[in-house]
Amino acid sequence: MREALRAYRMTMAIGFRAAPWRATFQLVTGMVMALVPVVLAYGAKLVVDAAMEHDPALALWAAGLLAGVVAVSLVNVFYYCDCVFGVIERAQAYAERRLMVLLGGVDGLAHHERPEYLDQVQRIREESRSLGTMVNATAGMVRSLVSLAATGVLLGRVHPALLALPLVSVVSIVIGRRARDLDVTAQEVTTEPERLRRHLFDVATSASAGKELRVFGLTGELRARHDEVAGRVVAERNRATWRGAVLGAVDALVVAAAYVAAIAFVLLLAVRGHAGPGDVVLAIGLAAQLTWIVSTAVSYGTSLMHVLKLARRLVWLEDYAEAEAYVPARPAPVPNRLREGIEVRDVSFGYPDTGGKVLDRLSLRLPAGKVVALVGENGAGKTTLVKMLCDFYRPDAGQILVDGTPLADFPVEEWRSRLSAAFQDHVPFEFTAREAVGVADLRRVDDDAAVLAGLERAGASGVLTALPNGLDTQLGKSWDGGVDLSGGQWQRLALGRGLMRTDPLLVVFDEPTAALDPQTEHAMFERFAAAARSGARQGTVTLLVSHRFSTVRMADLIVVLSRGRVLEQGSHAELMEHGGLYAELYDLQSRAYR
Ligand SMILES: Nc1ncnc2c1ncn2[C@@H]1O[C@H](COP(=O)(O)OP(=O)(O)OP(=O)(O)O)[C@@H](O)[C@H]1O
């Protein structure tokens with residue numbers, strides 16, 4: 001219950017922070033709107049009473065009341081609608097901003113990599129717009145409840161037994177909620193198949209997959225899998241919709257029976273002289289509206305419950321982000337330059353809930369100012385070690401020391417501000433070419449000289465010659481005047497980003513050139529090494545991860561990882577002389593290229 005309240009407060013705060021005046025005004029105008037139909041029904045009763053009693057003063061008063069209420073209602077509806085759209089639009093943008101901060105700013109990466117988190121994250125991303133509708137759902141509920149209360153008071157004045165009519169609404173609300181629950185449950189249980197369906201659709205329609213699909217003749221297979229999984233999703237969701245429709249029909253029958261019974265009862269009262277004609281008109285008017293009021297209440301109530309369910313995921317995300325946020329107990333400043341280097345001491349690590357150690361008491365020294373190459377078979381743990389050095393995950397045992405200070409003592413942001421990296425799965429930022437590189441160092445994002453220097457260090461200046469407006473070229477075909485780049489060109493821009501910062505302590509290249517031919521990769525790694533050696537004054541460690549032994553032979557230190565441990569390490573010459581796995585694989589690869 002406390003968690004539900006917290007979730008509710010959080011989503012209401014989204015609306016009130018995004019549009020405080022409009023949100024308040026929506027609640028107020030909502031209440032006015034709630035009273036309008038009730039007052040109109042009462043005005044109709046007064047008109048009938050005045051006619052029956054030949055009372056012109058009362059008739060005039062009732063007519064004035066009706067005219068006034070209609071006028072107020074017209075103006076009120078206008079402002080109410082303006083508030084509804086104003087609040088929803090602003091709140092949706094605010095909620096998306098909040099999600100971007102939470103999802104993109106979480107210290108670790110687990111929410112992007114672990115299936116049990118991915119489902120949560122997907123639902124939040126998919127329905128992020130609903131997070132902005134809590135004020136609307138609440139305003140709708142308040143409106144319905146005020147209408148219901150006012151209707152109850154007037155019906156009670158005709159005869160207390162008529163109060164049973166609003167009580168029928170409770171049954172209706174329960175049935176409506178059950179129907180909504182069925183729907184929400186169906187959405188939940190189909191989250192993973194739905195993710196699979198989208199993945200299959202994306203693969204089957206993406207340009208990058210086009211070649212393999214054709215060569216392997218996979219289009220039919222993917223379509224069949226897509227149909228199967230889509231069928232499962234649709235069947236489950238349809239089942240829920242049908243069961244919801246049956247419940248809706250039962251609901252309608254109950255409400256209709258109650259309505260007929262109430263009218264019959266008031267007519268009986270009138271025949272026996274216990275109620276006047278005005279009361280009959282009032283009861284018929286109110287009972288007719290009651291169905292609408294109740295269905296509005298059910299609709300807003302269920303949408304409130306739906307948003308609340310989503311809001312609980314937001315609470316989960318907030319808690320997760322908070323739990324992942326790491327503040328060192330004794331924060332230490334990140335050194336300006338490295339003197340000794342980075343030491344990985346006895347580090348063990350396994351991904352949560354997967355069992356097994358990926359890094360197993362791994363010890364390694366990355367000397368200051370040196371170029372270190374990390375090689376090893378697939379799954380040896382190279383990228384995992386890179387993630388630990390970037391502080392995306394923390395060791396289960398052992399520690400990483402930077403010039404003798406535990407990495408864990410550095411505030412995460414500070415350490416990351418002294419890193420630079422290029423990964424195999426680089427981001428194609430569809431900004432201008434200048435920004436696509438400059439984002440690596442936001443302080444100098446508009447500094448052409450700095451951007452060009454980064455590209456030059458990466459050997460990527462050639463990309464600019466293919467761009468019609470040089471650094472000003474908008475990248476990405478989907479934008480006006482935008483230019484599409486080849487995979488290799490995007491990759492080179494990513495390398496430029498990796499070499500844009502001038503003061504990193506650690507630069508990581510995790511197979512960023514895997515798609516390039518060995519000669520180009522070799523030339524590029526030579527450049528990275530040259531850039532690294534020019535930054536040796538501040539002790540920058542450059543870490544290259546590659547599968548190509550010939551391109552890493554120029555590294556000062558080559559580390560061979562196997563099953564999460566260091567198998568061999570040394571310079572190329574030392575490792576060749578040692579005659580171990582490195583020498584064997586090096587010979588194998590060079591024979592293959594001869
Ligand atoms: N997010 C993750 N969750 C669970 N297990 C993971 C995750 N990432 C990697 N692993 C597992 O950890 C092991 C090491 O993976 P890692 O990516 O570090 O290897 P690698 O040496 O970089 O391999 P490659 O050369 O193929 O890139 C593998 O068995 C992999 O399946």
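Whatever order the structure lists them in is the order used to number ligands and atoms, beginning at 1. None of the values given here were measured: they were computed from a predicted structure. Computed over heavy atoms, backbone and side chain alike; hydrogens, waters and symmetry mates excluded.
By the 4.0 Å N-to-carboxylate-O rule, Arg6 lies too far from Glu3 to be salt-bridged with it.
Taking every non-hydrogen atom of His547 and a distance limit under 4.0 Å, the qualifying atoms of ligand 1 come out as 25 (O). Near Glu511, with a cut-off below 4.0 Å to any heavy atom, the atoms of ligand 1 are 25 (O), 27 (O). In the vicinity of Lys382, heavy-atom distances shorter than 4.0 Å reach the ligand 1 atoms 18 (O), 19 (O), 20 (P), 21 (O), 22 (O), 23 (O), 24 (P), 25 (O). Close contacts between ligand 1 and Thr384 involve ligand atoms 14 (C), 15 (O), 16 (P), 18 (O) [criterion: under 4.0 Å to a heavy atom].
Residues Arg434 and Val445 approach most closely at CG-O, 3.4 Å, considering heavy atoms.
Checking only distances, Val358 never comes within under 3.5 Å of ligand 1, N or O to N or O.
Residues forming a side chain to side chain contact (heavy atoms under 4.5 Å, CB included) with Arg345 (at least two apart in sequence, or on another chain): Glu343, Gln399, Leu401. Residues satisfying the ring-ring contact (aromatic ring centres under 6.0 Å, His included) criterion with Phe429, sequence neighbours excluded, are Phe431.
At least one side-chain heavy atom of Arg232 sits less than 4.5 Å from a side-chain heavy atom of Glu228.
Heavy atoms of Gln424 stay at 4.0 angstrom or farther from ligand 1. A heavy-atom separation below 4.0 Å is not found between Gly376 and ligand 1.
Ring centers of His572 and Tyr582: under 6.0 Å apart, within the cut-off.
Residue-level proximity to ligand 1 for Asn378 is carried by backbone and side chain together, each with a heavy atom below 4.0 angstrom.
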